[in-house]
Amino acid sequence: MTKKLQSITNKTAPIIAVGIILLIWYVCCDNEVVPAYMLPSPTDVFMAFADNFTVMMQQAAVTLQEACYGLLIGIALAFIIATLMDRFSFLYKALYPILVITQTIPTIAIAPLLVLWMGFGMAPKITLVVLTTFFPISIGLLNGYRSVDEDAVNLMRAMGANRFQIFRYVKLPNATGAFFSGLRISASYAVVGAVISEWLGGFEGLGVYMTRVKKAYAFDKMFAVIVFISIISLCLMALVSLLEKVSMPWENKNNRRNENEV
């Protein structure tokens, strides 16, 4: 009985929290605690969301394309960089500080330069997404490689395994969990990075649409786009979680075993 109640509580707690926030938001708008032109009510946002859903979907197709291309390139780049840094210690010492420095530069400061260098097409948007997504994945992979059990590595060496076999059967499986943790973060960064780049230069996309409705002072549509972007990011994170469950079935068994023990 205790386990069932705990499971129900874990599933309903986020829904209750969101409901309370929406209720407070509605009460503040209904009682005009905040002017309507500054904060539209949830009902106005919902109506704007429903009325402009088709338009937002058309714009989201462009933004998602930029985010997916950038994320895929970021994954490939992160895998190559993390693997080389793990293999060669001098590359780790040389590149790790540079990776950290790249994350201290605000993305909104880089976007205008990328537009200036690459034009108003998809190239600067994809580049900005790559810059914002490869860091969490590369650091996650690198930490996974370096946290491998040395006894397992020594055992593989004693069995005559070469470097590639050690990497394939020991290091890579050990880094899979950290990889998906970084990928989950990067998936949410990808959409945000694409939108930010579209703010500062472009012809299509959710960022361009947000700029248009902001200039028209249609803040209900502005909030609707924000909600829509959040939904897209949550869907991408859920997709990553699904891929993690498929790729790491042993982790699911361990989690179920731990829940049963609790």
Side-chain angles (χ1 to χ4, degrees), residues 48-49 51-82 84 95 98-141 179 182-219 221-240 243:
F49 187 93
D51 293 339
N52 297 274
F53 182 76
T54 303
V55 178
M56 289 191 296
M57 283 295 294
Q58 293 173 351
Q59 301 298 327
V62 179
T63 303
L64 275 175
Q65 192 174 3
E66 297 164 353
C68 290
Y69 287 159
L71 184 59
L72 290 174
I73 297 173
I75 292 172
L77 184 63
F79 181 81
I80 294 171
I81 290 176
L84 291 176
L95 295 181
I98 297 176
L99 293 180
V100 174
I101 291 173
T102 59
Q103 300 307 300
T104 63
I105 304 173
T107 54
I108 199 167
I110 302 176
L113 295 176
L114 295 176
V115 172
L116 180 64
W117 295 335
M118 301 180 182
F120 292 93
M122 277 194 178
K125 284 81 169 176
I126 294 173
T127 303
L128 188 65
V129 173
V130 172
L131 292 175
T132 56
T133 57
F134 87 98
F135 180 79
I137 301 173
S138 59
I139 295 301
L141 280 171
F179 164 74
L183 182 60
R184 193 176 294 107
I185 298 172
S186 296
S188 62
Y189 285 177
V191 179
V192 175
V195 170
I196 291 175
S197 62
E198 289 169 351
W199 282 351
L200 302 172
F203 304 103
E204 292 180 295
L206 290 174
V208 176
Y209 180 73
M210 287 180 71
T211 304
R212 291 172 181 169
V213 297
K214 182 187 71 173
K215 291 180 179 179
Y217 296 96
F219 292 116
K221 296 180 181 179
M222 185 81 173
F223 274 82
V225 179
I226 293 172
V227 172
F228 190 61
I229 293 172
S230 299
I231 293 173
I232 293 175
S233 298
L234 290 173
C235 289
L236 288 177
M237 294 173 67
L239 180 60
V240 172
L243 291 174

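The analysis underlying the following values was restricted to heavy atoms, covering all of them including side chains, and did not include hydrogens, waters or symmetry mates. These figures come from a predicted structure and were not determined experimentally.
Atom CD1 of residue Ile126 and atom CG of residue Leu114 lie 12.0 Å apart, to the nearest 0.5 angstrom. Rounding to the nearest 0.5 angstrom, the gap separating the CD1 atom in Ile80 from the CG atom in Leu141 is 11.5 Å. Atoms CD1 and OG1, from Ile105 and Thr132 in turn, are 13.0 Å apart once rounded to the nearest 0.5 Å. Rounded to the nearest 0.5 Å, atoms OG1 (Thr127) and CD1 (Ile110) are 10.5 Å apart. How far CD1 of Ile139 is from CD1 of Ile185: 11.5 Å, rounded to the nearest 0.5 Å. In this structure, Ile232 CD1 and Leu64 CG are separated by 5.0 Å, a value rounded to the nearest 0.5 Å.
Shortest non-hydrogen contact noted between Ser186 and Ile137 is OG-CG1, 3.4 Å. Shown here for Val191 and Ser233, the closest heavy-atom pair between the two residues is CB-OG, 3.9 Å. For Val129 against Ala190, the heavy-atom pair with the smallest separation is CG2-O, 3.6 Å. Annotation for Ala60 and Phe228: closest pair CB-CE2, 3.5 Å, computed over non-hydrogen atoms. Summarising the geometry of Ala187 relative to Val240, their closest heavy-atom pair is CB-CG2, 4.0 Å, with the distance given to 0.1 Å. Nearest heavy atoms, Lys125 versus Ala194: CG-O, 4.4 Å.
The aromatic rings of Phe49 and Phe53 are tilted relative to each other, their planes meeting at an angle between 30° and 60°.
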Worked verdict on Met122 versus Val62 for side chain to side chain contact (heavy atoms under 4.5 Å, CB included): CA-CA 9 Å; Met122 277 194 178; Val62 179; 4.2 Å; yes

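A 6.0 Å sphere centred on OH of Tyr189 holds no more than 12 heavy atoms belonging to other residues, nucleotides or ligands.
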Listed pairs under 3.5 Å, donor-acceptor, residues 199-214 side chains, sequence neighbours left out:
residue	atom	partner	partner atom	Å
Tyr209	OH	Asn52	OD1	3.3
Thr211	OG1	Gly207	O	2.9
Arg212	NH2	Phe203	O	3.3

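Looking at heavy atoms from C-beta onward, Ile75 lies out of side-chain contact with Thr133 at the 4.5 angstrom threshold.
Between Ile101 and the options Thr104, Ile98, Leu99, a side-chain contact (heavy atoms from CB on, under 4.5 Å) holds for only Thr104.
Within the structure, every pair that satisfies the side chain to side chain donor-acceptor pair (under 3.5 Å) test and touches residues 55-65, not counting sequence neighbours, is listed here: Thr63-Glu198, Gln65-Tyr69.
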